[in-house]
> 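Just passing along the structure, written as structure tokens.
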Amino acid sequence: MSETVENQGRRDFIVVATNTMLAVGAVAVAYPLINQMNPAADTLALSTIEVDVSAIEEGQAITVKWRGRPVFIRHRTAEEIKIAEAVSLDDLRDPQDDASRAENPKYLVIQGICTHLGCVPLGQKIGEVKGDFNGWFCPCHGSHYDTSGRIRKGPAPTNLEVPPYAFLSDSVIKIG
Amino acid sequence: MASPEFKNPVVKWIDHRLPVFSFMHHELHEYPTPKNLSYLWNLGSLAGLALVTMIVTGIILAMHYTPHVDHAFASVERIMRDVNHGWLIRYIHMNGASFFFIVVYIHIFRGLYYGSYKAPREILWMLGVVILLLMMATAFMGYVLPWGQMSFWGATVITNLFSAIPLVGDGIVTWLWGGFSVDNPTLSRFFALHYLMPFLIVGVVILHIIALHRFGSNNPLGIDVSGKQDTIPFHPYYTSKDLFGAMVFLTIFASAIFFYPNYLGHPDNYIPANPLQTPAHIVPEWYFLPFYAILRAIPDKLGGVLFMFGAIAVLFVLPWLDRSPVRSGRFRPLFKVFFWLLLADCVLLGYLGGKPAEGIYVTLSRLATAYYFIHFLVILPLLSVVEKTRPLPQSISMPISGGGMGAAVAAKRGKADA
């Protein structure tokens, strides 16, 4: 080995260039190997449903399946709406007023997935525990939600999520 | 050391070209082992036995199992009812997981008491913690495969732990699921990984044994071997002792398999998974309960997850938290007390993890969680400084044949003769 200084610089360039190309190649190979685990095209394709809400009586709630998970649709009573609207935002962990959560205050449409660790909260069926705030109660780790699906007590960090939805007519909503 | 002289010419011919026989002779026959090991030193070989049992029964189960949400539950029931001896093989595999953890937990507490994590065995210890983590991941994914209610909701809750990570959390969870909930893509990848990970464990176990054989086993006195008089060859002494331990272990294991095969399981897992309904009381398998209790004790989502993983991370750095030069708890009067308190604390956490998260259980979980971390982060470093340890014996042979009992007996005999 009898390189001059100039030679050394050229060699360094070759080493750096080779390593850079190796790194680019490694990323290019790793990306599809990792990305294959993300939702597949057919999974993504199944992502809207239409629901007729006219059959839900006042005070009743139904659960529909969207993206493999439950969506709660509750036809709220006047009293439930009043309670939800009366809450001061200062009392909320994740402040959101009721109007921004329910486009039509009569129908509350929320994802039935506890924001803590993903269990399905109770409170949909008659006779189920509804928690301290008369909305939903998650039996896994004890989160209480109010009549607007907002977190009031327990470990969950945020309100029950409102999925993207729109009223196609007075009685039909499209979720997703 | 010189290679042994093999008599069999075929063995000799092969060994000259591929020295596997020399290697085995070296590591399993003449391998010098401290002569004072107690039965607590059986647990390593028992863990190996449990691992092999799990791999053999697991491969057989995979031949009959269908990793699809529509067929998984029914295929497990078919194994239980129709496949020849399927019930036996599945019960061995199912209970084998529990017994593997029992063995490994005793193995870990043995190491904690006798200071087996101290220099020069730090890497040996850390490899052990890696094995524990791999075991937990494997056990968790295996539990999902029967696709019962507990499988589904256990998978949902545990994968959701990652959603606590700020910014990228939700993306990671979707990536883990391969969809928007635990579903068929999740099941098939868990099956693939559940099949893979035991072989990773085998790999780390080999490293664990290489690190072990570098300095040899620690021993109940926790002092270094001072010469040939302190050791005995592994074979036949410890091979026969390990074999005896294995027989005792298999007797207990078989009793569970044949008489109480579902004792450690949850009846809810014999209900097919229903993504629209969470069982009223979901709990993980017993071996995760202490960690589950820590998760629930912290009233913050991210905090709970960090503390839960921290409970294992703290074991990684244990060799640098306990700076006392004395290894064995026998010569550490204060450490000994705190060791038993820690064990009691872990049992308490296990109990609390199985209880609903309400009332007194939450308060107790918080206290027990705090104590767990205080033990490792405050008590152990403090003890390294303030504790006055008892004098160590000069060598392993000394308390046996030098002073101590041996000498007393010899003196007595001398008197009787006179």
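Within every chain, numbering begins at 1; the chains are lettered A, B, ... in the order of the sequence lines, protein sequences first and strands thereafter. Nothing here was measured: the structure is a model prediction, and the numbers come from that model.
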> Please examine the side chains of A:Phe133 and A:Ile83, heavy atoms only from C-beta on, and report whether any two atoms are closer than 4.5 Å.
no
> What do the steps show when you test B:Tyr372 against B:Leu342 for side-chain contact (heavy atoms from CB on, under 4.5 Å), and what is the final call?
CA-CA 7 Å; B:Tyr372 180 91; B:Leu342 175 73; 4.1 Å; yes
> Just by distance, which donor-acceptor pairs between chain B and chain A come in under 3.5 Å?
from: B:Asn160; atom 1: ND2; to: A:Leu117; atom 2: O; distance (Å): 2.9
from: B:Trp175; atom 1: NE1; to: A:Ile34; atom 2: O; distance (Å): 2.7
from: B:Phe180; atom 1: O; to: A:Arg69; atom 2: NE; distance (Å): 3.0
from: B:Arg189; atom 1: NH1; to: A:Met37; atom 2: O; distance (Å): 2.9
from: B:Arg189; atom 1: NH2; to: A:Met37; atom 2: O; distance (Å): 2.9
from: B:Thr278; atom 1: OG1; to: A:Val120; atom 2: N; distance (Å): 2.6
from: B:Tyr292; atom 1: OH; to: A:His141; atom 2: NE2; distance (Å): 2.7
from: B:Lys301; atom 1: NZ; to: A:Thr115; atom 2: O; distance (Å): 2.8
from: B:Lys301; atom 1: NZ; to: A:His116; atom 2: O; distance (Å): 2.9

> Could you check whether any side-chain heavy atom of B:Phe191 comes within less than 4.5 Å of a side-chain heavy atom of B:Leu145, counting everything from C-beta outward?
yes
> What part of B:Ile282 gets closer than 4.5 Å to chain A, counting heavy atoms only: side chain, backbone, both or neither?
side chain
> Looking only at heavy atoms, what is the nearest atom pair of A:Val64 and A:Ile49, with distance?
CG2-CD1, 4.0 Å
> Heavy-atom distance under 4.5 Å to chain B: side chain of A:Ile34, backbone, both or neither?
both
> For the interface with chain B, which of A:Gly68, A:Cys119, A:Cys140 has the highest count of heavy-atom pairs at distances below 4.5 Å?
A:Cys119
> Just by distance, do the side chain of B:Tyr287 and the backbone of B:Tyr105 share a donor-acceptor pair under 3.5 Å?
no
> Taking CD1 in A:Ile126 as the centre, count heavy atoms belonging to other residues, nucleotides or ligands within less than 6.0 Å. Is the count above 12?
no
> When only pairs under 4.5 Å are counted, which of A:Leu117, A:Val129, A:Leu122 shares the most heavy-atom pairs with chain B?
A:Leu117
> Would you please name every residue forming a side chain to side chain contact (heavy atoms under 4.5 Å, CB included) with B:Phe307, sequence neighbours left out?
B:Ile294, B:Ile298, B:Phe373
> Does any non-hydrogen side-chain atom of B:Phe199 lie less than 4.5 Å from one of B:Ile55?
yes
> Heavy-atom pairs under 4.5 Å with chain A are the metric here; pick the option from B:Val283, B:Ile158, B:Leu161 that has the most.
B:Leu161
